[in-house]
Amino acid sequence: MNEPIPVIRAVDRGTARLLPDVDRERAWLLTVDGAPQSYVDLDEPTHLEFEYVRRLAHVVDCAAAAGEPLTVLHLGGGAFTLPRYVAATRPGSSQQVVEADAGLLALVAELLPIPKSAGITVHGADARHRLEAAPARSADVLIADVFGGSRIPAHITSVEYAREAERVLRTGGVYAANLADGAPFDFLRSQLATFAEVFEELALIAEPAVLRGRRFGNAVLVASHTPIDTAALARRTASDVFPARVQHGPSLRRFIGDAAVVRDTGAVPSPRPPDGAFSIG
């Protein structure tokens, strides 16, 4: 049997590499300019290699009864790890995926194709623009994992963006975003303050070492108008290989402190990660 070999291709936003996992027969790591973007096991879509993706999946798992189909809007596609997971765990779900990098979409469609029966529709578009065009109250879950290289674009960080996300979610719907920051957490705190302006309920999922400021890392923001099942999330995140904490209520309000709400006029991208924080090779 032929061994899979790495694939290197120029895409719209840099150089993409698809690297085979030597331990899993049809699993691939996708990087763009050295920054990990996705890990996909075509034979086992429920295998989630990246910890932050597991945490996003925990949010989806807690959004409805097990196996119940959901309508999900994904902002940011990569290699569609989470849409594949939802299709496998919640058959019959209707999913829309928005990815701005047309070259990356072409690469994934060619080498890591999505089964036609998966119920996943892909749109080559800017995340904010597509969100603004989405019908009101059309999604049960909205997942934002939007990065330009290793930074979150400024237009995905403002209260105007948060209001558009709220408009698209159905009653009881859940928003979850993959964020990245390090101490003193100016960006992360401002994002929490911004979404607190729009949603009544907030939670934050992150590893203790990140929350204590010991290293730069990912954090998942969860927002809703209805109470978030933080106990269920905490049980799931605590059992991961790299356990995470779920902050909410008074402790989260203390963490936010006096952080200001972000508006379009003053929005900036997320901070640049320190060298080696996320890069591969």
Side-chain angles (χ1 to χ4, degrees), residues 13 32 35-38 48 50-60 62-63 70-83 85-86 95-101 104 120-134 138-170 173-181 187-199 201-206 217-225 228 233 261-262 264 267-271 278:
R13 298 186 175 182
V32 176
Q37 300 291 315
S38 299
L48 304 176
F50 294 168
E51 292 297 327
Y52 84 84
V53 178
R54 291 185 194 178
R55 291 164 195 152
L56 290 170
H58 292 328
V59 175
V60 177
C62 293
L70 292 172
T71 301
V72 186
L73 174 60
H74 302 262
L75 303 180
F80 313 128
T81 305
L82 199 56
Y85 174 86
V86 174
Q95 301 187 80
Q96 308 281 322
V97 183
V98 183
E99 171 59 57
D101 192 321
L104 185 60
I120 299 170
T121 303
V122 179
H123 305 276
D126 174 81
R128 173 89 176 256
H129 292 165
R130 185 73 194 186
L131 179 65
E132 291 170 347
S138 58
D140 299 309
V141 179
L142 199 167
I143 303 288
D145 188 11
V146 182
F147 281 76
S150 58
R151 305 177 74 185
I152 300 166
H155 69 305
I156 306 296
T157 68
S158 68
V159 71
E160 291 89 349
Y161 160 79
R163 289 187 181 120
E164 284 298 315
E166 189 277 339
R167 180 187 64 82
V168 170
L169 283 170
R170 291 174 177 154
V174 180
Y175 174 89
N178 175 37
L179 307 176
D181 200 5
F187 175 77
L188 184 56
R189 291 170 59 241
S190 73
Q191 286 303 284
L192 289 161
T194 298
F195 277 80
E197 185 83 356
V198 178
F199 292 92
E201 302 288 337
L202 287 184
L204 182 69
I205 309 170
N218 296 96
V220 171
L221 180 157
V222 187
S224 182
H225 282 309
I228 298 164
L233 280 176
V261 172
V262 177
D264 276 339
V268 297
S270 64
F278 295 133

Only one of His74, Glu99, Arg130 passes side-chain contact (heavy atoms from CB on, under 4.5 Å) with His123, and that residue is Arg130
task: Would you check if Val159 and Val198 make a side-chain contact, meaning some heavy-atom pair closer than 4.5 Å?
output: yes
Sorted by chain and residue number, the ring-ring contact (aromatic ring centres under 6.0 Å, His included) partners of Tyr161 (sequence neighbours excluded) come out as none
Checklist entry - Do Arg128 and His155 have side-chain N/O donor and acceptor atoms under 3.5 Å apart? => result no
- Residue pair Leu56 / Ile205, side-chain heavy-atom distance below 4.5 Å: no
The side-chain hydrogen bond (donor to acceptor under 3.5 Å, both in side chains) partners of Gln37 (sequence neighbours excluded) come to none
Note to self: Less than 4.5 Å apart, side chain to side chain, heavy atoms only: is that true for Leu70 and Val60?
What the structure shows: yes
With sequence neighbours left out, the residues meeting side-chain hydrogen bond (donor to acceptor under 3.5 Å, both in side chains) with Asp145 are Tyr52, Asn178
Rounding to 0.5 Å, atoms CZ (Phe199) and OH (Tyr175) come to a distance of 8.0 Å
Of all heavy-atom pairs linking Leu131 and Arg167, the shortest is O-NH2, 3.1 Å
Query raised in the report: Under a 4.5 Å cut-off applied to non-hydrogen side-chain atoms, are Thr157 and Ile152 in contact?
Result: yes
Closest non-hydrogen contact found for Glu132 with Glu164 is CA-OE1, 3.5 Å
Residue set satisfying side-chain contact (heavy atoms from CB on, under 4.5 Å) with Val146, at least two apart, ordered chain then number -> Leu75, Ala127, Pro153, Ile156
Hits for salt bridge (charged side-chain N to carboxylate O under 4.0 Å, His left out) against Asp140, two or more places apart or cross-chain, chain-then-number order -> Arg170
For Glu197, the salt bridge (charged side-chain N to carboxylate O under 4.0 Å, His left out) test, sequence neighbours excluded, returns none
Heavy-atom closest pair (Ala196 atom, Leu202 atom, distance to 0.1 Å) is CB-CD1, 3.6 Å
Distance col, row Leu221:CG vs Leu188:CG, nearest 0.5 angstrom, shows 7.5 Å
Heavy-atom nearest pair, Ser38 first then Ala79, reads OG-N, 2.9 Å
Closest heavy-atom pair, Cys62 versus Leu233, reported as atoms and distance to 0.1 Å, is SG-CD2, 4.0 Å
